[in-house]
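Supplied in C-alpha cells, the structure appears directly below.
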Amino acid sequence: MPRVCSICRHPEREAIEKALVGNDAGYRSIAKRFAISESALFRHRQKHLPEVLARGLAAVPTPVHGTVGEGSEPDSHAKRIANHHQALEDQQDRHAIDVMQQLKAINAACLEVLRQARADGKHSILLRAVDRIARQIELQAKLLGQIQDTQTVNIAILPEWHGIRQMVLEALQPYPEARIAVARALKGAES
C-alpha cells in the first residue's frame, strides 16, 4: 500500500508550500519550523507541489451562478455532496493560484532589484540579483517538473549488468524458447 504524504495531510500544508516556493529558508529550516522531516518535505516538493503549481497555472476563477439549495427532491443529498466536492476543488484551486502568485511576486521582486541595480551601476547587487534570478528559474523549473533533482543510473553500461545478463541467459540454456524471449526483452530494455 502506498505511503500517504504527511505534508498533504498536514494542517499547515499551505504555509509549508508557500515556504517551499519562497525558497528562502531551505529544507532544514522549513522542516524544523513545521516539525516535519526533511525527507517528507523533499518528497512532497518532488511529487505533489508540481501538481499544485500546474493547477494554479490552469485554474481560472469562474463566477459561481448560485448554489443548489437543500430541497425535498430525492436527489438533493447527491446535489449537496456534489456541491461539497466542488467547494473542495474550488478551495484547492484558490490555494494553487495563491502559490503561483507568490512565485510570480518573488520573480517580479528579483527582476525589479536587477533593474534598479543595473540603473544604479551597483555591480555587486547586480550579480547577486542575477544569481537569485537564476536560482528562481531553476526552482520554478524543478517545481513544475521540468528539471529532475534525482540521479539516473543506467545499469546497461555497468559491467555488473553484463555479467548478470550472461548468467541469466546461461541459466536459460535448457529452455531455448524462454532464452530467446528473455534475450529479446533484455535487448529491448537496453535500447
Side-chain angles (χ1 to χ4, degrees), residues 2-65 85-158 190-191:
R3 187 185 337 193
V4 177
C5 178
S6 61
I7 307 301
C8 285
R9 299 181 65 97
H10 198 282
E12 295 183 85
R13 175 184 179 182
E14 291 184 21
I16 293 168
E17 288 176 343
K18 286 179 182 180
L20 281 170
V21 167
N23 197 33
D24 289 331
Y27 285 121
R28 184 171 290 142
S29 176
I30 295 170
K32 186 176 180 182
R33 181 170 33 154
F34 293 101
I36 52 179
S37 72
E38 289 180 54
S39 58
L41 196 60
F42 179 78
R43 278 192 309 273
H44 180 76
R45 196 202 89 194
Q46 291 292 106
K47 295 180 181 176
H48 301 130
L49 197 54
E51 295 168 15
V52 170
L53 293 172
R55 190 174 188 135
L57 287 171
V60 176
T62 55
V64 177
H65 298 293
H85 286 290
Q86 184 62 47
L88 290 175
E89 283 185 22
D90 291 346
Q91 181 181 5
Q92 289 175 342
D93 285 349
R94 283 191 301 275
H95 169 63
I97 290 169
D98 187 42
V99 170
M100 279 305 299
Q101 287 173 341
Q102 182 182 3
L103 186 60
K104 288 178 181 179
I106 292 168
N107 290 346
C110 290
L111 289 171
E112 178 58 29
V113 169
L114 176 69
R115 187 193 64 73
Q116 190 63 44
R118 185 181 293 153
D120 295 345
K122 296 184 176 176
H123 301 295
S124 64
I125 295 174
L126 179 72
L127 290 174
R128 287 197 312 250
V130 167
D131 178 59
R132 177 58 191 214
I133 290 169
R135 288 189 294 133
Q136 279 301 113
I137 291 169
E138 181 182 3
L139 171 67
Q140 191 168 336
K142 285 178 183 176
L143 292 175
L144 293 172
Q146 297 169 344
I147 295 177
Q148 296 295 323
D149 241 358
T150 58
Q151 290 182 340
T152 304
V153 178
N154 186 354
I155 64 163
I157 63 171
L158 296 174
E190 289 179 353
S191 43

Handout entry: For I133, side chain to side chain contact (heavy atoms under 4.5 Å, CB included) partners two or more places apart
Key = C110, L111, L114, I137
Handout entry: Heavy-atom pair of closest approach, residues I7 and I36
Key = CD1-CD1, 3.4 Å
Problem - Inter- and intrachain pairs under salt bridge (charged side-chain N to carboxylate O under 4.0 Å, His left out), touching residues 118-130, at least two apart - result: none
Completion exercise
Taken in chain and number order and not counting sequence neighbours, the residues that satisfy salt bridge (Lys or Arg N to Asp or Glu O under 4.0 Å) with E38 are R28
Practice task
Locate the shortest heavy-atom distance separating E12 from F34; write the atom from each residue and the value.
Solution key: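 Looking at all heavy atoms of both residues, the closest pair is OE1-CE2, 3.7 Å.
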Handout entry: Listed partners of D131 passing side chain to side chain contact (heavy atoms under 4.5 Å, CB included), at least two apart
Key = R135
Practice task
May I ask you to test the I16-R13 pair for a side-chain heavy-atom distance under 4.5 Å?
Solution key: no
Exercise for the section: Quick one: list whatever passes side chain to side chain donor-acceptor pair (under 3.5 Å) with S39, sequence neighbours left out. Expected result: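 In terms of side chain to side chain donor-acceptor pair (under 3.5 Å), with neighbours along the sequence ignored, S39 is linked to S37.
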Problem - Rounded distance (nearest 0.5 Å) linking atom CD of Q116 with atom CG of L126 - result: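 That separation rounds to 11.5 Å.
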Handout entry: Counterpart residues, salt bridge (Lys or Arg N to Asp or Glu O under 4.0 Å), relative to E112 (two or more places apart)
Key =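 Partners of E112 by the salt bridge (Lys or Arg N to Asp or Glu O under 4.0 Å) criterion, ordered by chain and then number, come out as R115.
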